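Reading through the structure tokens given below for one structure.
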Amino acid sequence: MPNATDAAAEDAARLSHNAVDSLPQGGLADKLRLARAEDRQLRVKLGIDPTAPDIHLGHAVVLRKLREFQDAGHRVVLIVGDYTARVGDPSGRTTLRPMLSEAEIDANAATFQRQAGRILDDDPQRLEVRRNSEWLDMRTTELLQLLGTTTAAQLLERDDFAKRLAAGEAISMLELLYPLLQGYDSVAVDADVELGGTDQKFNLLLGRDIQRAYGQPEQAIMTMPILVGTEGRRKMSKSLANQIGVTEPPEEIYGKTMAIPDEAIEEYRRLLVDQLTPSEELPPPASAETSPRDAKRALARDVVAWLYSDQDAAAAERRFDRVHVDHEAPEEIDEASFSCEDGQLHLPGLIADEFGVSRSEARRLIDQGGVTLGDSQLAPGEHDVAPERADGQVLKVGRRRFRRLRRG
RNA sequence: GGCGGGGUUCCCGAGCGGUCAAAGGGGUCGCGCUGUAAACGCGAUGGCUCAGCCUUCGCAGGUUCGAAUCCUGCCCCCGCCA
């Protein structure tokens, strides 16, 4: 039986799998050692931003890591940044975030918490959820004490601040304050470890300084890679509209995964699908012989199976093949009823109503050969059709929008 | 307090009296192709009762035959100096 020291180091190594940074050197092992010695759980913190409530695969990377800590017996402390959401953290971006109303924040926080439950263990012993308005709504004297812990130069070291300063761009006081507030969260919850994306590195490290200033042991920090969005370039985020949400329907998740560039396949697999902690018994990863298409199909299946089930994954794949490979209509199609008083069915109006586009857009779609009625593609200018020709037919708009038409 | 820069269509960003619904890029959409909603190529991208009409270039007024482009006032944003 290995002694406690070795075991802690091994655990730390395992938990650090896929992490970009685990700081300070040996810090996590020390924390694990301490937990063993004191026979307690580590408190592993993650701050979440309730401005973007829907959890996507990018969040899932960090949440999966948290799940590993839970499975190792530790306690995850999720901090809903309901108070900091009023401040707006600009990490990795160049413009200020909009502020949200309290009602919006509450709704978003609830949504996030519910969705996180898909990945995290929600056993109260393993998961604690807090809101930072609990402690950040502080007296001015306390705020001043917090401000006293840090210098302007320290904050301006942060990469994005430094760049913006050099470029003569605006940096608001609120933004500068944000890292301090986040750091104070660590103090308030006695964090032993804090996780985040690599864009959080500065804030996580500053949390250590804040804790020290308050006479607390400093947290270990771990950063996880930022998952790229479906276009394969920029970080996955809702505002960039390149996200795959964990609650999206199976066929959407499957399809969006198929839309990622081939180069991103390996990264997606490594961060989302592979065994949480590597073990010797695992089969080798998908061989390089596999074609990108098949590798991506397998990935898409695995992601859906992870978030739903094997059956859902198989069904999603069937549907995808049917619609995108065989170019046929899916089995299940929503119906749209139409009526026509004046003898002709005006398609731009119908398409606009059914798919939420403008009539002008609908006209363009028809004119560009993007609309098919039954099995004939509509010709440019063919905006009105006889009702007999439309009734009972499948209307296909673009590659993946379908309606079965019924005269009503 | 002083000086300077700026607000353009989903985003960035050109335009600076007519040829502007407004260059170019991004994004998005469509088609083609294909191994996929990949890649690549081509095209489209304010609205509508769509060969025409209507409404846009921070807001309000004005000059002009004619303004996103000129003038006046206002609102907002940013930087620098102090």
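Remember, predicted model here, so these are calculated numbers, not experimental data. Throughout, protein chains are lettered first and strands after them, A, B, ... in sequence-line order, and every chain is numbered starting at 1.
Note on ring orientation: taking the six-membered ring where Trp is involved, the planes of A:F320 and A:H324 are tilted (angle from 30° to 60°).
A side-chain donor from one of A:Q182 and A:N203 sits under 3.5 Å from a side-chain acceptor of the other. Residues A:S360 and A:S358 bring no donor and acceptor atom of their side chains to less than 3.5 Å of each other.
Partner of A:L42 under the side chain to side chain contact (heavy atoms under 4.5 Å, CB included) criterion, out of A:L32, A:V76, A:V77, A:L34: A:L32 alone. Tested against A:L299, the residues A:L272, A:I260, A:D294, A:V304 include a single side chain to side chain contact (heavy atoms under 4.5 Å, CB included) partner, A:I260. Just one residue in the list A:V303, A:L57, A:L63 forms a side chain to side chain contact (heavy atoms under 4.5 Å, CB included) with A:V246, and that residue is A:L57.
One interatomic measurement links the two molecules: CD of A:E317 to C1' of B:U36, which rounds to 11 Å at whole-angstrom precision. Atom NE2 in A:H327 sits roughly 11 Å away from atom C1' in B:G32 (whole-Å rounding). Rounded to an integer number of Å, the gap from CD1 of A:I366 to C1' of B:A44 is 14 Å. Between A:L378 atom CG and B:C31 atom C1' the separation is 14 Å, expressed in whole Å. When the C1' atom of B:A38 is taken as reference, atom NZ of A:K256 falls 16 Å away, rounded to whole Å. Going from atom CZ of A:R297 over to atom C1' of B:A38 covers 13 Å, rounded to whole Å. Distance A:M258 CE to B:A39 C1': 13 Å, rounded to the nearest Å. Spacing between atom CD1 of A:I265 and atom P of B:A37 amounts to 14 Å, rounded to whole angstrom units.
A cation-pi arrangement, defined by a distance under 6.0 Å to the six-membered ring centre and an angle within 45 degrees of its axis, is absent between A:R43 and A:F69.
Comparing the same atom, P, in B:G47 and in B:C29 gives a spacing of 16 Å after rounding to whole Å. Taking atom P in both B:C33 and B:A38, the straight-line distance is 15 Å, to the nearest Å. The separation of B:G43 from B:C65, taken at their P atoms, amounts to 42 Å, rounded to a whole angstrom. B:U8 and B:U56 have their C1' atoms separated by 10 Å, with the value rounded to a whole Å. Comparing the same atom, P, in B:U64 and in B:C10 gives a spacing of 33 Å after rounding to whole Å. The gap from the C1' atom of B:C71 to that of B:C81 amounts to 30 Å, rounded to the nearest Å. For the C1' atoms, the distance linking B:A67 with B:A22 amounts to 13 Å, nearest Å. Taking atom C1' on both B:G7 and B:G15, the two are 15 Å apart, rounded to the nearest angstrom.
Here B:G1 sits opposite B:C81 as a Watson-Crick or G-U wobble pair (both hydrogen-bonding atom distances under 3.5 Å). B:C59: Watson-Crick or G-U partner is B:G73, with both key distances under 3.5 Å. In this structure, B:C42 forms a base pair with B:G30, meeting either the Watson-Crick or the G-U wobble geometry with both donor-acceptor distances under 3.5 Å. B:G18 is paired with B:C65 under the criterion used here, namely a Watson-Crick or G-U wobble arrangement in which both key atom distances are under 3.5 Å.
For A:K31 against A:A220, the heavy-atom pair with the smallest separation is CE-N, 3.9 Å. For the residue pair A:A29 and A:A9, the shortest heavy atom distance occurs at CB-CA, 4.1 Å. The shortest heavy-atom contact between A:I119 and A:R67 is O-NH1, 3.0 Å.
When the nucleotides B:C29, B:G35, B:C78 are ranked by their closest atom to the side chain of A:A170, B:C78 comes out on top. Looking at the side chain of A:K296, the nearest of the listed nucleotides B:A38, B:C29, B:G27 is B:A38. When distances are taken from the side chain of A:R399 to each of B:A37, B:G35, B:C29, the shortest belongs to B:A37. Checking B:G79, B:A37, B:G35 against the side-chain heavy atoms of A:R400 singles out B:A37 as nearest.
The residue A:E252 sits close to a base: some heavy atom pair falls under 4.0 Å. Among the heavy atoms of the strands lying under 4.0 Å from A:R401 are primed sugar atoms or P, OP1, OP2 only; no base atom is included. When heavy atoms are screened at a 4.0 angstrom cut-off, A:Y254 is found touching no nucleic acid atom at all. Residue A:G168 is in sugar-phosphate contact alone, with no base atom involved, counting any heavy-atom pair closer than 4.0 Å across all strands shown.
Contact of A:D294 with B:G35 (side chain to base): no donor-acceptor pair of N or O atoms is detected under 3.5 Å.
Sequence order on RNA chain B of the closest nucleotides to A:V371 and A:R234 puts A:R234 first from the 5' end. Nucleotides of RNA chain B nearest to A:E231 and A:E251 differ in position, and the one nearer the 5' end is that of A:E231.
Using a 4.0 Å cut-off, no side-chain N or O of A:H324 falls inside it from OP1 or OP2 of B:U36.
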| Where protein sits on nucleotides 46-55 of chain B, one letter per nucleotide: B base, S sugar-phosphate only, - none, heavy atoms under 4.0 Å | -SBSB-----

